[in-house]
Amino acid sequence: MTTDLDAPWTRAEFEQRLRDKERYYHIHHELHVLMNTGQVEKPVIQGWVANRFYYQTAIPLKDAAIMANCPDRDVRRLWVQRIIDHDGTQGDEGGIEAWLQLGEAVGLTRDDLLSHRHLLPGVRFAVDAYVDFARRQPWEVAASSSLTELFAPTIHQARLDAWPEHYPWIEPKGYAYFRKRLAEARRDVEHGLAITLDYYRTRAQQERMLEVLQFKLDVLWTMLDCMWLAYVAKRPPYHNVGGRP
């Protein structure tokens, strides 16, 4: 006998529960709050840009893993655009190049980012765990983990609105990535949300999807926890034993 507790949520109810996860999005992490209100110094911004670059380079790997596990040609034909958005094409260098320009705009060199010399171990572990998740899970599950994009346009717009005022030393060319992602993220959400609402039909599946989305939120939050310790609390890895080897 099926009870109300076992009955699947309607599409509208399920979507709303997904959107309710926004309160755990990393825009609410104290580090982001401080950055977006002009309360951090240049080294903090630089540390965030350098560490986040590792995540940016992992996005095409994650999306390629999803495609490798997906037998549906129609899905792949749409999903491949995410890889192109980040890796770029001839004449349009894409999001990774735009992030390198952000690095230069905040006073880092391209080699600082490409070498990952500023990458914190905890950030590396969190990002690698996400890529591994995408490789090992059914493609629909891995695809739906990307739905933190539901909340991304808000954070990109917040940076575009606040950072030029708070951080006039950042060169304007550095904001190209955030402007670019405003439209791309909205397009990606439409596709990813459709896959999710179609795939998770039973109540147990829907509740599992909330766990999957929370996993991705945990990845993003953990990255900022590591950066907070290193750049705000001044407790980088191995700080009490003489610094990193």
Asker: Which heavy atom of Pro237 sits nearest a heavy atom of Pro121, and at what distance?
Answerer: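 Where Pro237 meets Pro121 most closely, the heavy atoms are CG-CD, 3.6 Å.
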Asker: Could you go through the side chain to side chain contact (heavy atoms under 4.5 Å, CB included) check for Leu220 and Arg52 one step at a time?
Answerer: CA-CA 10 Å; Leu220 296 173; Arg52 177 78 182 194; 3.9 Å; yes
Asker: Applying salt bridge (charged side-chain N to carboxylate O under 4.0 Å, His left out), which residue pairs with at least one partner in residues 132-146 are found, sequence neighbours left out?
Answerer: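 As it turns out, the salt bridge (charged side-chain N to carboxylate O under 4.0 Å, His left out) pairs with a partner in residues 132-146, which skip direct neighbours, are Asp132-Arg136.
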Asker: Could I get the full list of side chain to side chain contact (heavy atoms under 4.5 Å, CB included) partners for Thr202, not counting sequence neighbours?
Answerer: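 Side chain to side chain contact (heavy atoms under 4.5 Å, CB included) list for Thr202, sorted by chain: Ala204, Gln205.
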Asker: Is it true that Glu97 and Arg110 make a salt bridge, defined as a side-chain N closer than 4.0 Å to a carboxylate O?
Answerer: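 Counted as a salt bridge, because a side-chain N and a carboxylate O are separated by less than 4.0 Å.
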Asker: At what distance, to the nearest 0.5 angstrom, does CD of Glu149 lie from CG of Leu193?
Answerer: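 Here the rounded value is 11.0 Å.
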Asker: Find out if a path of hydrophobic residues (ILVMFWY) with successive side-chain heavy-atom gaps under 4.5 Å connects Leu213 to Ile195.
Answerer: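 Shared cluster, no.
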Asker: Spell out, as yes or no, whether a donor-acceptor pair under 3.5 Å connects the side chain of Thr222 to the backbone of Val219.
Answerer: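 No: the side chain of Thr222 does not pair with the backbone of Val219.
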Asker: Could you walk me through whether Ile59 and Arg82 pass the side chain to side chain contact (heavy atoms under 4.5 Å, CB included) test, one step at a time?
Answerer: CA-CA 8 Å; Ile59 291 174; Arg82 296 170 183 248; 5.9 Å; no
Asker: If two hydrophobic side chains count as joined below 4.5 Å and joins carry through other members, does Tyr130 share a cluster with Tyr24?
Answerer: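 Same hydrophobic cluster.
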Asker: May I have all residue pairs that pass salt bridge (charged side-chain N to carboxylate O under 4.0 Å, His left out) and include part of residues 112-131, sequence neighbours excluded?
Answerer: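 Only Asp111-Arg117, Asp112-Arg117 qualify under salt bridge (charged side-chain N to carboxylate O under 4.0 Å, His left out).
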Asker: Checking Trp139 now: which residues fulfil side chain to side chain donor-acceptor pair (under 3.5 Å) with it, not counting sequence neighbours?
Answerer: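 Scan of Trp139 (side chain to side chain donor-acceptor pair (under 3.5 Å), adjacent residues dropped) gives none.
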Asker: Please list all pairs passing the salt bridge (charged side-chain N to carboxylate O under 4.0 Å, His left out) test where one or both residues lie in residues 215-244, with sequence neighbours left out.
Answerer: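 For residues 215-244: none.
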Asker: Using a 3.5 Å cut-off and no angle test, enumerate the donor-acceptor pairs between side-chain atoms of residues 39-49 and protein atoms at least two apart in sequence or in another chain.
Answerer:
{"residue": "Gln39", "atom": "NE2", "partner": "Thr37", "partner atom": "OG1", "Å": "2.8"}
{"residue": "Gln46", "atom": "NE2", "partner": "Val106", "partner atom": "O", "Å": "2.8"}

Asker: Looking only at heavy atoms, which two atoms of Leu182 and Pro153 are closest? And how far apart?
Answerer: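 Where Leu182 meets Pro153 most closely, the heavy atoms are CD2-O, 3.6 Å.
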Asker: Under the criterion side chain to side chain donor-acceptor pair (under 3.5 Å), which of Glu22, Gln16, Glu15 is the partner of Arg19?
Answerer: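 Running side chain to side chain donor-acceptor pair (under 3.5 Å) over Glu22, Gln16, Glu15 with Arg19 returns exactly one hit, Glu15.
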Asker: Apply side chain to side chain contact (heavy atoms under 4.5 Å, CB included) to Leu61 and list each qualifying residue two or more places apart in sequence or on a separate chain.
Answerer: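 Residues passing side chain to side chain contact (heavy atoms under 4.5 Å, CB included) with Leu61: Val131.
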Asker: With hydrophobic residues grouped by side-chain heavy-atom distances under 4.5 Å, do Tyr177 and Leu114 end up in a single group?
Answerer: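 Tyr177 and Leu114: one cluster.
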Asker: Can you pull the ring-ring contact (aromatic ring centres under 6.0 Å, His included) pairs that have at least one residue in residues 187-206, sequence neighbours excluded?
Answerer: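 Listed by first then second residue: Trp79-His191.
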Asker: Is Glu190 salt-bridged to Arg187, cutoff N-O under 4.0 Å?
Answerer: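 Salt bridge absent between Glu190 and Arg187.
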Asker: Quick check against the 3.5 Å criterion: does Asn51 have a side-chain atom that pairs as donor or acceptor with the backbone of Leu120?
Answerer: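 Yes: the side chain of Asn51 pairs with the backbone of Leu120.
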Asker: If hydrophobic clusters are built from ILVMFWY residues whose side chains come within less than 4.5 Å, do Trp9 and Leu147 share one?
Answerer: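 Yes, Trp9 connects to Leu147 through the hydrophobic network.
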Asker: Answer with yes or no whether the hydrophobic clustering places Tyr25 together with Leu31; edges join I, L, V, M, F, W, Y residues whose side-chain heavy atoms lie under 4.5 Å apart.
Answerer: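 Hydrophobic grouping puts Tyr25 with Leu31.
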Asker: Residues in side chain to side chain contact (heavy atoms under 4.5 Å, CB included) with Arg73, at least two apart?
Answerer: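 Expected list: Arg76, Arg77.
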Asker: Can you list every pair that meets ring-ring contact (aromatic ring centres under 6.0 Å, His included) and has a residue in residues 221-245, with sequence neighbours left out?
Answerer: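 Output for this query lists His29-Trp221.
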Asker: Is it the case that the side chain of Lys180 and the backbone of Asp85 share a donor-acceptor pair, with hydrogens and angles ignored and the cut-off at 3.5 Å?
Answerer: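 Pair found, side chain donor or acceptor close to backbone of Asp85.
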Asker: If you look only at pairs with a residue in residues 104-129, which of them pass as a ring-ring contact (aromatic ring centres under 6.0 Å, His included), with sequence neighbours excluded?
Answerer: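 Passing the test, one end in residues 104-129: Phe53-His116, Tyr54-His116.
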Asker: Under 4.0 Å between a Lys/Arg side-chain N and an Asp/Glu carboxylate O for Glu184 and Arg181?
Answerer: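 Between Arg181 and Glu184 there is a salt bridge, with a charged N closer than 4.0 Å to a carboxylate O.
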Asker: Holding to side chain to side chain donor-acceptor pair (under 3.5 Å), I want the full list of residues that pass it with His166, two or more places apart in sequence or in another chain.
Answerer: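 Side chain to side chain donor-acceptor pair (under 3.5 Å) check on His166 returns nothing, list empty.
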